[in-house]
Amino acid sequence: MTGSSDNTQKLFSRIFLGVVVLALSGGMLLYLVPSGPGDTRTSTDAVAKVGGQTITVAEIRQQLNQIKQTNQVPPMLEPYYAQRILQQLLLQKEMEYEAGQLGIRVSNDEIADRIKLILPAAFNGDSPIAPDQYASLVQSRTQMTVPQFEEMVRQGMLQEKFQKLVTDGISAGPAELQEEFVYRNQKVKLDYAYIKPEDLLAKITVDDAEVNAAYEMNKAKYQVPEKRVVRYAIVDVNQIRQSMQVSDDQLKAQYQKNIQDYQVPNRVHVEHILLMTVGKPDAEVEEIKKKAQDILNQAKKGANFEDLAKKYSEDGGTPGNPGSRDKGGDLGWIVQGQTVPEFEKAAFSLPKGSISDLIKTQYGFHIIKIIDKEAAHTKPFDEVKDSIRTPLLLSEADKQAGNVADQLSQAIRQSNKVSIDDLAKQYHLTVGETRSVAATDPLVELGNSPQTKVSDSIFRLRQGELSLPVQTDRGYLVLSVKQILPAHQGSLEEVREKVVAELMQEKASAEARTKADELAKRVKAGEKFDAAAKALGLEAKTSEEFARAGSIPNVASGKQLAAAFQLKTGNVGPPLNLGANWLVYEVVDKQEANPADFEKQKKEITDAVLQNKRSIAFEAFRTALEDRLKKEGKLQVMPEKLKGFGDLG
């Protein structure tokens, strides 16, 4: 079944061209495309070798850093990202090697023709623009150098050639199309009860005998880690800031020093509606133009522009670059040189409040509304002085706190046995004391610090020693261990709270399973679903109709409920375990796919089936190629070199 492609792991590798076209055509503004591989000659720490080419740890880290510039990557996920980057680079190098063996290449003319499609502004007619203009254009559109950009295009086209070679003979038979049609269009409607142990906790009770028994049975796991009580002296940045004053003369000096920050260029606040024409045949472009004209007529007659944009605009953006459609077409403030020439000319020539005629650009047809305009000027001092005051105070307070911290460091290096109270008195510091804390306990009262430096310092110190100043968002801390409480087997009194919580969770989970089994049994025996659920203290609900690609929102996906599509109306499915929760359901309605809809969906279904088969075929080709290269000794992979990814140090 083609629909089961949900169970096939998606290829991590993508055709670079598709990424570039999507990024450049996804909206009116010139969105950035993903950065390509950079120069990795600075490292010889090879993590893989393909033929005579190497993939280095530095190259993988460079690409990971580029990802981290636009996406948050938790340290714990860095090893996963590193592995995926390695797989993509391996695919590139393997194809490069195989292309050399088979005589497959991408010519400079082919690269030039492709660049004409994805960066038409790089050409005046058939002639390329000047090299410096081209370099500037590539940098502004892609954040790459020209060699990086052209190498990215070449790699994408090479992968296209291999995909064509591997997948050209693939077709989709009638039975496959029919199977996918049924998979997509068969729908069910369910009565269900979603049973969560957390909802049962309030009625769960445990007695002392159960707590004692649970403790005795699992005593070994109830260990109390080493804890420490710490005294600290703090250089408090907030206190310094509150005592400081900043004069107008200081603010004016800061204003003049950074005057360029207050220069506002010619700019215009615009909303737009975009109907895309990229890659569309001429006949379809004419139809799109008619539709755009109709939308324009509605806007000119007073229809709400934001509503029209949300309904019709195709500026939906790209991953990491949200478009304007969901914001009612709002692009915010744009400056000259930021958009394509046709759009810019209209935006800067129209008066405030006006709506443009149709504007044709390389992306499609635009309708622009001018929200506001602002001529180039420098913001006056009085307008911005309050915005200067706070960062200046922060900067000066941080500088003063840093100076005190330097003095403290010098004093402690001379002797870290000095009394923390004497040190605090000499430098006018606030002294405090923590509760007993384990290495993993949060110390919010001491302020946040990168890489848990406070906790690390606490558990490296010996009693009586002073730490060097540790910076947190509160200021600088000098730490001294007052008491060490060794790790030990926890007594019941010490760990009772944890034992009770685990015991209650265990009983709630067992109760949820019991209720799920009992509800399924009652409904199968003939009880009405809602009555049986109510008798067990559960809430019965009825879902909307959904297909396998749909879901019961916040409960289960169509994939998880695959068994329901094999049942008849009135059948009860076996209790379904969803993590800690349970789902019991009865099929109350089932709609088979309507054969009359097949022809309407045939093209889309055919494309999906072919794409899935091609993906599977290409993955099989990649796996076979990799296996062959390993056997021939042309491929070596040293994954242990990736162990450093995810380290906090």
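Note that the structure is predicted; figures quoted are calculated from it, not measured.
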**Study point:** Any L102 side-chain heavy atom under 4.5 Å of F162 side chain
**Key:** yes

Practice item. Mind running side chain to side chain donor-acceptor pair (under 3.5 Å) on N612 and E180 for me, showing each step along the way? Key: CA-CA 11 Å; N612 182 62; E180 177 71 6; over 6 Å; no

Practice item. Given side chain to side chain donor-acceptor pair (under 3.5 Å), test E342 with Q362 step by step and report yes or no. Key: CA-CA 9 Å; E342 304 92 338; Q362 64 202 58; over 6 Å; no

Check your understanding: Does a side-chain heavy-atom distance below 4.5 Å link P79 with Q83?
Key -> no

Review point. Are R154 and E151 within salt-bridge range, i.e. N to O under 4.0 Å?
Key: yes

Check your understanding: For K311, does the NZ atom sit with more than 12 other heavy atoms under 6.0 Å from it, leaving out its own atoms?
Key -> no

Review point. Which pairs with one or both residues in residues 354-367 pass salt bridge (Lys or Arg N to Asp or Glu O under 4.0 Å), sequence neighbours excluded?
Key: K300-D357

Exercise for review: Could you point out which residue of E96, E150, E160 forms a side-chain hydrogen bond (donor to acceptor under 3.5 Å, both in side chains) with Q155?
Suggested key: E96

Exercise for review: May I ask you to decide whether E78 forms a salt bridge with K68, counting only side-chain N to carboxylate O separations under 4.0 Å?
Suggested key: yes

Check your understanding: For atom CD of E544, is the number of surrounding heavy atoms from other residues, nucleotides or ligands below 6.0 Å larger than 12?
Key -> no

Check your understanding: When you look at NZ of K641, are more than 12 heavy atoms from neighbouring residues, nucleotides or ligands closer to it than 6.0 Å?
Key -> yes

Check your understanding: What do you reckon, is NZ of K187 surrounded by more than 12 foreign heavy atoms closer than 6.0 Å?
Key -> no

Exercise for review: May I ask you to check whether over 12 heavy atoms, not counting those of D282, lie within 6.0 Å of atom CG?
Suggested key: no

Point to revise | Neighbour count above 12 (heavy atom, 6.0 Å) for K161 NZ | key: yes

Review point. Considering residues, nucleotides and ligands other than D126, do more than 12 of their heavy atoms fall under 6.0 Å from its CG?
Key: no

Review point. Is a salt bridge present between D372 and K352, judged by a nitrogen-to-oxygen distance below 4.0 Å?
Key: yes

**Study point:** Pairing residues for Q254 by the side-chain hydrogen bond (donor to acceptor under 3.5 Å, both in side chains) criterion, not counting sequence neighbours
**Key:** none

Review point. Should Q148 and V138 count as side-chain neighbours, where that means a heavy-atom distance under 4.5 Å?
Key: no

**Study point:** Basic-acidic side-chain contact under 4.0 Å: K290, E287
**Key:** yes

Practice item. Please state whether the rings of Y363 and H366 are parallel, tilted or perpendicular, taking 30° and 60° as the class boundaries. Key: perpendicular

Point to revise | Ion pair check, E619 and R622, cut-off under 4.0 Å | key: yes

Exercise for review: Could you tell me whether D627 and K631 have a side-chain N and a carboxylate O separated by less than 4.0 Å?
Suggested key: no

Review point. Is there side-chain contact between R184 and E604, with at least one heavy-atom pair below 4.5 Å?
Key: yes

Exercise for review: Decide if atom CG of N297 counts as having more than 12 heavy atoms of other residues, nucleotides or ligands within a radius under 6.0 Å.
Suggested key: yes

**Study point:** Parallel, tilted or perpendicular, as decided by the 30° and 60° cut-offs, for the rings of F381 and Y255
**Key:** perpendicular

